[in-house]
Amino acid sequence: MLSSGGLSELLSPIPDPDDDRPIINTKQIIDNRAVLWMGLGNLSDQTVGSMIGSIILSDLTAVSGSRYDFGTNGAPLKVNLIVDEVAEVMNTPLISMLNKSRGAGFRVILLTQTLADITTRLGSAEKARMAIGNINNNIILRLKDGETAEYFAESLPEVLIRQMGTQYQTSIGHNPLSEYGGRYGETMQEEYKPIIPAWVFGVLPNLHYLANFTGGSLIKGRLPIIKVDDQLL
């Protein structure tokens, strides 16, 4: 499927003096500080789109390994890799990149809907958690999947909650002057509870998010609405 028709010319080009289109690879793109945008068209053909995405990610993992082993011939160059709908292309090389490519200057941003999507792609919940566990910073918008919400909630710290209780009691007998009594009491209970319960992730308003950054920085924020000439972007 990847070596026939138009895909063969794009993915496995043969140098042709009559064809002035440049032949490039991912290493050249990084070395030249260029930008590569790929629309895989998974909605039209999921199989081919996933294959191409996996191949590119595997090649980028190899490039990051080369940069890690042999350096970058000068000042370290940061490489930003953004993968939308990552469950469509998630593979073992990408997990290795998440684990080790920071030393090669790679900064990887993954976007997905639910944890179950990655579990289905990798074939097991353990591999999915291993992949997500290599991500340092998490930005979570509204979640409708309870399992995904539970996963992020359990990674947050717990806080000590104190609950105060008071009791009032009065009694009056037949003789108010001699049979009147009263009692007052206070109780306090302490219990550790999640700082953000899982259900909160399911009721976030549009564009509101919760973020858990490296170092324990927990943020509740809202993405700004950008206006240009009174038009929303």
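Atom set for the values below is all heavy atoms of this structure, side chains included, hydrogens, waters and symmetry mates excluded.
Going from atom CD1 of I82 over to atom CH2 of W37 covers 12.5 Å, rounded to the nearest 0.5 Å. The OG1 atom of T61 sits 6.5 Å away from the CG atom of L57 when rounded to the nearest 0.5 Å. Between the OG1 atom in T187 and the CE atom in M164 there is a gap of 7.0 Å [rounded to 0.5 Å]. The CE atom of M188 sits 11.0 Å away from atom CD of Q163, with the distance rounded to the nearest 0.5 Å. Taking OG of S58 as the start and CG of N91 as the end, the distance is 4.5 Å to the nearest 0.5 Å. Between the CG atom of L98 and the CG atom of N136 there is a distance of 9.5 Å, given to the nearest 0.5 Å.
With sequence neighbours left out, the salt bridge (charged side-chain N to carboxylate O under 4.0 Å, His left out) criterion links D59 to no other residue. Annotation: side chain to side chain contact (heavy atoms under 4.5 Å, CB included) contacts of T47 (sequence neighbours excluded): M1, D45, M51. Residues satisfying the ring-ring contact (aromatic ring centres under 6.0 Å, His included) criterion with Y168, sequence neighbours excluded, are Y184.
At a threshold of 4.5 Å between non-hydrogen side-chain atoms, the residues Q113 and E85 count as touching. Counting heavy atoms from C-beta outward, F106 and R67 have side chains that approach closer than 4.5 Å. At least one side-chain heavy atom of L143 sits under 4.5 Å from a side-chain heavy atom of F152. Counting only heavy atoms from C-beta outward, the side chains of P157 and I195 approach each other to under 4.5 Å. Considering only heavy atoms from C-beta on, E88 stays 4.5 Å or farther from R121 through its side chain. I132 is listed as a side-chain neighbour of I118, based on a closest heavy-atom distance under 4.5 Å. Contact check for I139 versus F213: side-chain heavy atoms found under the 4.5 Å cut-off. The shortest side-chain heavy-atom distance between I161 and Y192 does not fall under the 4.5 Å cut-off.
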query: Does the side chain to side chain contact (heavy atoms under 4.5 Å, CB included) test come out yes or no for L141 and H208, once each step is laid out?
result: CA-CA 6 Å; L141 284 84; H208 286 242; over 6 Å; no
- Item | I52 vs L11, side chain to side chain contact (heavy atoms under 4.5 Å, CB included): CA-CA, chis, key distance, verdict | CA-CA 9 Å; I52 295 175; L11 300 178; 4.2 Å; yes
Report the C-alpha separation of I109 and V83 in whole Å, then their side-chain angles, then the decisive distance to 0.1 Å, and conclude whether the side chain to side chain contact (heavy atoms under 4.5 Å, CB included) test is met.
CA-CA 6 Å; I109 301 172; V83 187; over 6 Å; no
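Test L210, N212, V159 against I196 for side-chain contact (heavy atoms from CB on, under 4.5 Å) and you get one pass: L210. For the side-chain contact (heavy atoms from CB on, under 4.5 Å) criterion with V79, the lone passing option out of L60, V108, I29, I30 is I30.
L10 and I55 sit in two unconnected hydrophobic clusters of ILVMFWY residues. Membership requires side-chain heavy atoms under 4.5 Å apart, directly or through other members. Placement of V200 and L218 within a single hydrophobic cluster is found when ILVMFWY residues are connected by side-chain heavy-atom separations under 4.5 Å, directly or transitively. Tracing side-chain contacts under 4.5 Å through hydrophobic residues (I, L, V, M, F, W, Y), one reaches M130 starting from L94; they form part of the same cluster. In the hydrophobic clustering of ILVMFWY residues, with side-chain heavy atoms under 4.5 Å counting as a link, L111 and M97 come out apart.
Residue-environment remark: CG (L160) exceeds the threshold of 12 foreign heavy atoms within 6.0 Å. The neighbour count for Y68 OH, taken as heavy atoms of other residues, nucleotides or ligands under 6.0 Å away, does not exceed 12. Heavy atoms of other residues, nucleotides or ligands lying less than 6.0 angstrom from CG of L43 number 12 at most.
The side chain to side chain donor-acceptor pair (under 3.5 Å) pairs that include a residue from residues 96-110 are N80-R107, where partners are two or more places apart or lie in different chains. Within the structure, every pair that satisfies the salt bridge (charged side-chain N to carboxylate O under 4.0 Å, His left out) test and touches residues 148-172, not counting sequence neighbours, is listed here: R129-E154, R162-E190.
With no hydrogens or angles considered, a side-chain donor-acceptor pair links R142 and N206 at under 3.5 Å. For the residue pair N137/T214, the side-chain donor-acceptor check at 3.5 Å is satisfied. T114 and D117 share a donor-acceptor pair across their side chains, judged by distance under 3.5 Å alone.
Nearest heavy-atom pair, T112 versus A87, reported as atom, atom and distance to 0.1 Å: OG1-CB, 4.2 Å. Across all their heavy atoms, L40 and G53 have their closest contact at CD1-CA, 3.7 Å.
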Show me the donor-acceptor pairs, under 3.5 Å and distance only, between side chains in residues 15-24 and residues at least two apart or in other chains.
| from | atom 1 | to | atom 2 | distance (Å) |
| --- | --- | --- | --- | --- |
| D16 | OD1 | D18 | N | 3.0 |
| D19 | OD1 | R21 | N | 3.1 |
| D19 | OD1 | R21 | NE | 3.2 |
| D19 | OD2 | R21 | NE | 3.3 |
| D19 | OD2 | R21 | NH2 | 2.9 |

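Under 4.0 Å is where a charged nitrogen must lie from a carboxylate oxygen, and between K27 and D31 at least one such pair does.
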